[in-house]
Amino acid sequence: MNLNLSNSGGSGNYIRFSPQANAWSNQDGEFVLEKFVFDYENLQTGWMLIATGIFEFQPDESLGRKAAQPTAEHKRGFKATFYNKTMGIAEFSANGAGANMGLEGLWKQVQAQAAANVGKLPVVEYTGSRPEKVGKGSTRVPEFKVTGWVARPAALQEGAAQEPEFSAPAPVAKPAPSKPAPSKPAPSLDDDEMFS
């Protein structure tokens, strides 16, 4: 059982959609969201508070089942995991109307196709955003399209190393000593396999 206490799978990656800028950003600034795998099986909904220096998320006991609203400032929100080789594993979390509507649209597509794709995850393309009136204001809704289904990538496997992939350098051959070491044997070169 995984407690999922680390931030964004341990990589620290997050992505945000800004309706004002009509753009995606991450910890490095604006970027273009390429096709990605949506780990819908680990989607969480809940109550979220986002303010300067504050990020609180109280997940629902089960997906979409509302608990009592903690405070008037908490809004309905979600945490979703997106993955592709360029950005790695990234958390998309939000509580804004536009992002919520965009994810709900993606969720409907996934649910319509999931029964025919058991054991797979959807490949999703961001197709742009549309303006939407919300109350007295307006926002932009990110739009997504499921383009296919794939086996769960190794990076998203339960217990997989969530840090960027690392390959240990190949061991350098050393000349054989003229006398055998008296105390302990030299470490096996196979020890380096633990890092690959």
Gap separating the CZ atom of Phe57 from the NE2 atom of His74, nearest 0.5 angstrom: 10.5 Å
Side-chain (Asn100) to main-chain (Arg76) donor-acceptor, under 3.5 angstrom: yes
Inter-residue atom distance Phe36.CZ - Thr147.OG1, 0.5 Å rounding: 9.5 Å
Step-by-step side-chain contact (heavy atoms from CB on, under 4.5 Å) determination, Val37 to Arg152: CA-CA 8 Å; Val37 174; Arg152 177 177 285 274; over 6 Å; no
Check: Trp107 and Leu43 side chains under 4.5 Å, non-hydrogen atoms: yes
Value rounded to 0.5 Å, distance of CE in Met101 from CZ in Arg140: 12.5 Å
Exercise: do Asp60 and Gln44 side chains pair donor with acceptor under 3.5 Å: no
Donor-acceptor under 3.5 Å (Asn13 side chain, Met87 main chain): yes
Closest heavy-atom pair and its distance - Pro70, Gln58: CG-OE1, 3.3 Å
Backbone N/O of Val141 and side chain of Glu132: donor-acceptor pair under 3.5 Å: no
Check against side-chain contact (heavy atoms from CB on, under 4.5 Å), Phe17 and Asn22: CA-CA 7 Å; Phe17 177 73; Asn22 192 23; 3.7 Å; yes
Rounded distance (nearest 0.5 Å) linking atom CD of Glu143 with atom CG of Leu106: 11.5 Å
side-chain contact (heavy atoms from CB on, under 4.5 Å) assessment of Leu121 paired with Glu41: CA-CA 8 Å; Leu121 295 177; Glu41 294 172 345; 4.1 Å; yes
Minimum heavy-atom distance between Thr45 and Ser62, given as atom pair plus value: OG1-O, 4.4 Å
Value rounded to 0.5 Å, distance of CD1 in Ile54 from CG in Leu49: 5.5 Å
Heavy-atom pair of closest approach, residues Ile89 and Ala155: CD1-O, 3.3 Å
Nearest-0.5 Å distance that lies between atom CZ in Phe38 and atom CG in Leu103: 5.0 Å
Gln27 side chain to Tyr14 backbone, donor-acceptor under 3.5 Å: yes
Closest non-hydrogen atom pair between Ala94 and Ala99, with its separation: CB-CB, 3.6 Å
Trp24 side chain to Ile15 backbone, donor-acceptor under 3.5 Å: no
Linked, directly or transitively: Leu33 and Val123 (ILVMFWY side chains, under 4.5 Å): yes
Phe78 ring center within less than 6.0 Å of Phe92 ring center: yes
Side-chain donor or acceptor of Asn95 paired with backbone N/O of Met48 under 3.5 Å: yes
Heavy-atom side-chain proximity of Gln113 to Pro122 below 4.5 angstrom: no
Nearest heavy-atom neighbours spanning Asp28 and Asn26: N-OD1, 2.8 Å
Residues, nucleotides or ligands: over 12 heavy atoms within 6.0 Å of Glu61 CD: no
Exercise: identify the closest heavy-atom pair between Phe55 and Lys79: CE2-CE, 4.0 Å
Polar contact flag, side-chain donor to acceptor under 3.5 angstrom, Glu125-Thr127: no
